[in-house]
Amino acid sequence: QVQLVESGGGLVQAGGSLRLSCTASGSIFTINSMGWYRQAPGKQRELVANIASGGSTNYADSVKGRFTISRDNAKNMVYLQMNSLKPGDTDVYYCNAAGVYSRNGYYSNKWGQGTQVTVSS
């Protein structure tokens with residue numbers, strides 16, 4: 001069974017930085033895309049950034065220039081370095097793995113349990 005586990009959330013003052021990490025486990029062969037989404041209560045989950053296995057990246061306009069996504073394919077890990085954080089970045093952040101090929105089969109989408117990021121003004 002493929003599982004995603006996030007870490008690194010917390011409370012930070014505006015202008016500060018946090019680094020989120022996510023590890024995918026479960027006899028994984030390859031993962032097409034890994035990324036981060038965020039969701040506020042009562043709102044839809046939205047893409048923050050994703051990164052393909054080859055390294056191409058995609059960012060939401062609201063985080064461009066402030067957040068950097070990276071991944072370690074050998075370890076099935078993805079990271080999100082968040083700088084110049086704003087109160088508007090406060091949300092639950094979810095790790096996503098899309099197109100997961102594992103010994104137990106193919107998974108189109110897997111999600112982590114979410115980690116809270118709170119930015120105080």
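Everything numeric here is computed off the predicted structure, so don't read it as measured data.
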Inset, instruction - Could you give me the CA-CA distance, side-chain angles and deciding distance for R38 and T90, then say whether side-chain contact (heavy atoms from CB on, under 4.5 Å) is met? - result: CA-CA 9 Å; R38 63 188 183 187; T90 296; over 6 Å; no
Legend entry - Step-by-step side-chain contact (heavy atoms from CB on, under 4.5 Å) determination, F67 to D89: CA-CA 11 Å; F67 292 9; D89 294 318; 3.9 Å; yes
Legend entry - side-chain hydrogen bond (donor to acceptor under 3.5 Å, both in side chains) between N96 and N50, intermediate numbers included: CA-CA 9 Å; N96 171 264; N50 58 21; over 6 Å; no
Inset, instruction - Assess whether side-chain contact (heavy atoms from CB on, under 4.5 Å) is satisfied between L80 and V48, documenting all intermediate values. - result: CA-CA 9 Å; L80 186 68; V48 176; 4.1 Å; yes
Inset, instruction - Could you go through the side-chain contact (heavy atoms from CB on, under 4.5 Å) check for L11 and Q116 one step at a time? - result: CA-CA 8 Å; L11 172 64; Q116 177 70 46; over 6 Å; no
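S84 and S17 get closest at one heavy-atom pair: N-OG, 4.4 Å. The heavy-atom pair separating S121 from A14 by the smallest distance is CA-CB, 4.4 Å. Taking every heavy atom of both residues into account, I31 and A97 meet most closely at CG2-CB, 3.9 Å. Across all their heavy atoms, V78 and C95 have their closest contact at CG1-SG, 3.7 Å. In plain terms, the two heavy atoms of L4 and A24 that are nearest each other are CD2-CB, 3.2 Å.
Note: I69 CD1 to T57 OG1 = 8.0 Å, rounded to the nearest 0.5 Å. Rounded to the nearest 0.5 Å, atoms CG (N76) and OG1 (T23) are 8.5 Å apart. Taking OG of S27 as the start and CD of Q1 as the end, the distance is 11.0 Å to the nearest 0.5 Å. Atom-to-atom distance recorded for K110:NZ and M34:CE is 12.5 Å, nearest 0.5 angstrom. Interatomic distance, R103 CZ to F29 CZ, rounded to the nearest 0.5 Å: 5.0 Å. Taken to the nearest 0.5 Å, the OG atom of S120 stands 5.0 Å off from the CD atom of Q13.
One N or O on the side chain of N73 and one on the backbone of S53 form a donor-acceptor pair closer than 3.5 Å. A donor-acceptor pair is defined here as one N or O able to donate and one able to accept, closer than 3.5 Å; no such pair exists between the side chain of D91 and the backbone of Y93. For Y59 (side chain) and G65 (main-chain N/O), no donor-acceptor pair under 3.5 Å exists by modelled atom type. E6 places no side-chain N or O within 3.5 Å of a backbone atom of C22 that could act as its donor or acceptor partner.
There is no path of hydrophobic side-chain contacts, each under 4.5 Å, that joins V92 to V117. If you chain together hydrophobic residues whose side chains sit under 4.5 Å apart, V2 and Y94 never meet in one group. L18 and W36 end up in the same hydrophobic cluster when Ile, Leu, Val, Met, Phe, Trp and Tyr side chains are linked at under 4.5 Å. In the hydrophobic clustering of ILVMFWY residues, with side-chain heavy atoms under 4.5 Å counting as a link, V100 and M77 come out apart.
Checked for salt-bridge contact, D61 and K64 meet the test: a charged N lies under 4.0 Å from a carboxylate O.
Residue-environment remark: CD (Q39) exceeds the threshold of 12 foreign heavy atoms within 6.0 Å.
Within the 6.0 Å centre-distance limit, the rings of W111 and Y37 are counted as a close aromatic pair.
In this structure, R71 is not positioned above the aromatic face of Y79 in the sense of NZ or CZ being under 6.0 Å from the six-membered ring centre and within 45° of the axis.
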